[in-house]
Amino acid sequence: MLRFACSPTADLSLESLRLALMNFVVAMQRNEGFVIRIEDTDQKRNIEGKDAEIVALLELFGITYKDVLYQSKNFKFHSAMAIDLLHRKKAFNCFCSLEELEAKKKKAKEQKRLYSYDGSCEQLPAEEVIDNPKPFTVRIKKPTKNISFVDRVQGELSFSPEEVDSFVILNVDKTPAYDFATAVDDMLSDISVVISSEEQIESAPKQIYVRSSLGYDKAIEYAHLPPMLEADTDTKSLLQEGFLPQAIANYLLTLGTNDSERIFTLEEAKEHFNLAKIGKTAVKFDKERLREINKEHLLRLDDKELSRFVGFADAQIGALAKLFVDSAGTTRELKREIQRIFSKKEIPQKYASTAATLKKIICQAPYFGEYENFIQHLKKESALEERELLTALQLLISGSTDKVEPKEIYPHIKNYIKEIVSC
RNA sequence: GGCCCCAUCGUCUAGCGGUUAGGAUCCCAGGUUUUCAUCCUGGUUACCGGGGUUCGAGUCCCCGUGGGGUCACCA
């Protein structure tokens, strides 16, 4: 089983989306299930409805899942396991106040050394623990030897007992702390591989230690990806800008690899994506590159489907839109191009009279299925010189002279020609 | 600040002591194909800096510099 874990406290970032996609693809590759886990243990910070929004976005990107799990529903397991650790003297109650801890941290910082819990409450006599009215947290006793594991991206990693530390597993309100809840949930969900971001590296040894303390000996494989830089945009804005979900997914899955067969659907990613190819170097989010990939996906889109993005339900308009993909890389820009054709045009003074003549002819003309016949008719009726005629026609159709030519456009718009020149 | 990670064309990368430093993409030039998509040929552009080790260093070591991470009763 693989999972995508996210807290319902913020929008789905591109980095998170990338992780979700990778976990999903690897689940497909390994023929394992995939679940979404909402990490909602901090009730104060949760944003109403954010969980549903994130799930809907993931669906939009083509991710399918077995289940959406809420971490808060596992509180009873978290407490039970914390109590188990307490009974087995692998954890202890800690009565230190926040102020005391804060002071010790500050001191450690001043002395420029690593802060770790000093163990004040670890050896308290039993009676002092039982009768103590002070609020308390539960801490796991730090390991006695290094915690080591092999990370699929980072290589061999080893953490000292001080780095793992006697960290809090139950907060003072007895909700589980992050590393503990995650470690337990991964165990309960039978997670096999975790792909997450570099910032979670220090969490891994803690979680490994929690599970081994609980006697769970299945090793979870970790892969901590290097960060994605300069992603000064988010998932929702990219979609609003007119980038296709399949293009965004494609881009995020190729980032950090050198896959030259770079255009693929999420289904095809099963073949193309290779976690082992991801290096330790940070990657830059490059919107220009995404645009190029988006163009490829636009061209691969079914004509009729594409036409819906630009406000029509006609395959011909979709095909028409594809003519503009060279300069317009997003559905939003394509829509602008199509709208330009279907709206009233400003004809430059120089061509005003020619255009008016042509317009009149077109409005009275019969229907022509072929561009050649259409243009011959215009030539005959107007007696205009060819170059001038073409320029005026182009102005009438697209409102500009520097885009795609009438010859290419006509086959797709022949049914709309009178509407377009606004008869 | 302590600890950890990283550094090759604009971008994504190959390279694991000896290469004219390769590919993809973008860009430019030219050419095929008069449905569209496409496709082909050529061109420009890179080893962060400084010291070592070595016959030889993008590659190994050290020091800088730059970027990133982490150091919660947040997730």
Side-chain angles (χ1 to χ4, degrees), chain A residues 5-10 16 37-46 71 94 96-98 101-102 105 108-117 135-139 151 153-155 157-160 162-163 165 167-182 196-203 224-230 251 253-263 277-293 295-296 298-301 303 315-316 318-326 370-372 404-405 407-412:
Chain A
C6 67
S7 60
T9 55
S16 300
R37 185 163 71 220
I38 307 291
E39 309 211 308
D40 58 348
T41 60
D42 188 1
Q43 313 274 356
K44 298 181 292 288
R45 297 197 339 171
N46 292 345
Q71 198 156 48
C94 173
C96 298
S97 70
L98 279 172
L101 294 171
E102 217 38 66
K105 276 176 207 164
K109 199 166 186 178
E110 275 162 11
Q111 294 175 350
K112 294 178 182 179
R113 58 177 174 81
L114 172 73
Y115 165 80
S116 63
Y117 182 69
F136 64 95
T137 60
V138 178
R139 287 178 185 269
D151 187 283
V153 174
Q154 308 292 332
L157 298 173
S158 186
F159 295 83
S160 70
E162 287 67 39
E163 286 173 297
D165 205 9
F167 60 95
V168 171
I169 59 174
L170 289 188
N171 298 326
V172 75
D173 63 1
K174 302 304 169 289
T175 56
Y178 168 72
D179 284 310
F180 186 63
T182 300
S196 67
S197 67
E198 196 183 69
E199 63 190 77
Q200 307 265 350
I201 287 181
E202 275 79 1
S203 268
H224 289 94
L225 300 200
M228 187 163 71
L229 273 27
E230 289 177 27
Y251 175 61
L253 285 170
T254 48
L255 251 192
T257 74
N258 65 329
D259 197 344
S260 55
E261 198 68 53
R262 53 182 244 292
I263 303 301
K277 282 213 165 182
I278 304 242
K280 291 164 94 167
T281 323
V283 290
K284 261 181 216 155
F285 177 83
D286 183 18
K287 204 188 260 188
E288 282 313 303
R289 182 98 189 268
L290 172 60
R291 270 179 78 87
E292 294 312 314
I293 290 175
K295 285 179 183 177
E296 300 282 353
L298 284 170
L299 294 171
R300 267 152 223 243
L301 221 50
D303 285 349
Q316 283 304 324
L320 172 67
K322 285 184 181 176
L323 298 179
F324 292 90
V325 165
D326 220 23
E370 298 294 322
Y371 174 74
E372 269 313 307
V404 189
E405 293 177 0
K407 185 169 86 175
E408 296 174 272
I409 299 180
Y410 186 78
H412 306 298

>> Please report the distance separating the C1' of B:G15 from the corresponding atom of B:A24, rounded so that it comes out in whole Å.
In response: 16 Å

> Does A:N171 make a side-chain N or O approach to OP1 or OP2 of B:C74 shorter than 4.0 Å?
Replying inline: yes

> Reckon A:E163 touches a base, only the sugar-phosphate, or nothing at all at heavy-atom distances under 4.0 Å?
Replying inline: sugar-phosphate

> How far does the P atom of B:A7 sit from the matching atom of B:C48, given to the nearest Å?
Replying inline: 9 Å

> Taking only residues two or more places apart in sequence, or in another chain, which ones meet A:K112 in a salt bridge (Lys or Arg N to Asp or Glu O under 4.0 Å)?
Replying inline: none

> To the nearest angstrom, how far is A:E296 atom CD from B:C36 atom P?
Replying inline: 18 Å

> NE2 of A:H412 versus P of B:U34: gap in Å, rounded?
Replying inline: 16 Å

> B:U20 and B:G1: how far apart are their P atoms, nearest whole angstrom?
Replying inline: 44 Å

>> Please report the distance separating the C1' of B:C9 from the corresponding atom of B:U45, rounded so that it comes out in whole Å.
In response: 5 Å

>> Work out how far the C1' atom of B:U11 is from that of B:C27, and round it to whole angstrom.
In response: 12 Å

> What residues form a side chain to side chain contact (heavy atoms under 4.5 Å, CB included) with A:T257, not counting sequence neighbours?
Replying inline: A:T254, A:D259, A:K277, A:I278

> How does protein contact run along nucleotides 60-71 of chain B, one letter per nucleotide 5' to 3', with B for base contact, S for sugar-phosphate only, - for none, heavy atoms under 4.0 Å?
Replying inline: -------SSBS-

> Using a cut-off of 4.0 Å on non-hydrogen atoms, how would the nucleic acid contact of A:L299 be classed: base, sugar-phosphate, or nothing?
Replying inline: sugar-phosphate

>> As a test of reading the structure: which of B:C36, B:U38, B:C5 is closest to the side chain of A:Q154, going by heavy atoms?
In response: B:C5

>> How many whole angstroms separate atom CZ of A:F167 from atom P of B:A75?
In response: 13 Å

> Nearest to the side chain of A:L323, which nucleotide is it out of B:C36, B:A75, B:C73?
Replying inline: B:C36

>> So, using salt bridge (Lys or Arg N to Asp or Glu O under 4.0 Å) as the criterion, who are the partners of A:D165 when residues are at least two apart?
In response: none

>> Please classify the nucleic acid contact of A:E292 as base, sugar-phosphate, or nothing, using heavy-atom distances under 4.0 Å.
In response: sugar-phosphate

>> Suppose we screen for salt bridge (Lys or Arg N to Asp or Glu O under 4.0 Å). Which residues come up paired with A:E39, at least two apart in sequence or across chains?
In response: A:R37

> A:D303 and A:A315: which non-hydrogen atoms are nearest, and at how many Å?
Replying inline: CB-O, 3.3 Å

> Mind checking what makes side chain to side chain contact (heavy atoms under 4.5 Å, CB included) contact with A:D286, not counting sequence neighbours?
Replying inline: A:Y251, A:E288, A:R289

>> My understanding is that only residues two or more places apart in sequence, or in another chain, count here; which of them pass salt bridge (Lys or Arg N to Asp or Glu O under 4.0 Å) with A:K287?
In response: A:E241

>> Output one letter per nucleotide in nucleotides 7-16 of chain B: B when a protein non-hydrogen atom lies under 4.0 Å from the base, S when only the sugar-phosphate is that close, - when neither is.
In response: S---SSSS--

>> With side-chain contact (heavy atoms from CB on, under 4.5 Å) as the test, pick out the partner of A:Q71 among A:T175, A:D40, A:D42.
In response: A:D40

> Is there a donor in the side chain of A:E198 and an acceptor in the side chain of A:H224, or the other way round, less than 3.5 Å apart?
Replying inline: no

>> In this structure, how many angstroms lie between the C1' atom of B:C74 and the CZ atom of A:F180, rounded?
In response: 17 Å

>> Can you confirm whether A:E370 is buried at CD, in the sense that more than 12 heavy atoms of other residues, nucleotides or ligands lie under 6.0 Å from that atom?
In response: no

>> If I pick the P atom on B:C61 and the same atom on B:C5, what distance separates them, to the nearest angstrom?
In response: 12 Å

>> Between C1' on B:C3 and CZ on A:R113, what's the gap in Å once rounded to a whole number?
In response: 14 Å

> For A:K284, which residues count as a side chain to side chain contact (heavy atoms under 4.5 Å, CB included) partner, sequence neighbours excluded?
Replying inline: A:L229, A:E230

> What integer number of Å spans the C1' atoms of B:C47 and B:U8?
Replying inline: 4 Å

>> Under 4.0 Å, heavy atoms only, any strand: does A:V172 hit a base, just the sugar-phosphate, or nothing?
In response: base

> With both distances under 3.5 angstrom, what nucleotide forms a Watson-Crick or G-U wobble pair with B:U70?
Replying inline: B:G2

> A:R139 side chain: which of B:G1, B:C5, B:C73 is closest?
Replying inline: B:C73

> How would you label the contact of A:S160 with the nucleic acid (heavy atoms, under 4.0 Å): base, sugar-phosphate, or nothing?
Replying inline: nothing

>> Can you check the distance between B:C71 and B:G64, where both ends of the measurement are the P atom (answer in whole Å)?
In response: 25 Å

> So does A:K280 get a side-chain nitrogen or oxygen closer than 4.0 Å to the phosphate oxygens (OP1/OP2) of B:C5?
Replying inline: no

> In whole Å, what is the span from the NZ atom of A:K109 to the P atom of B:A72?
Replying inline: 9 Å

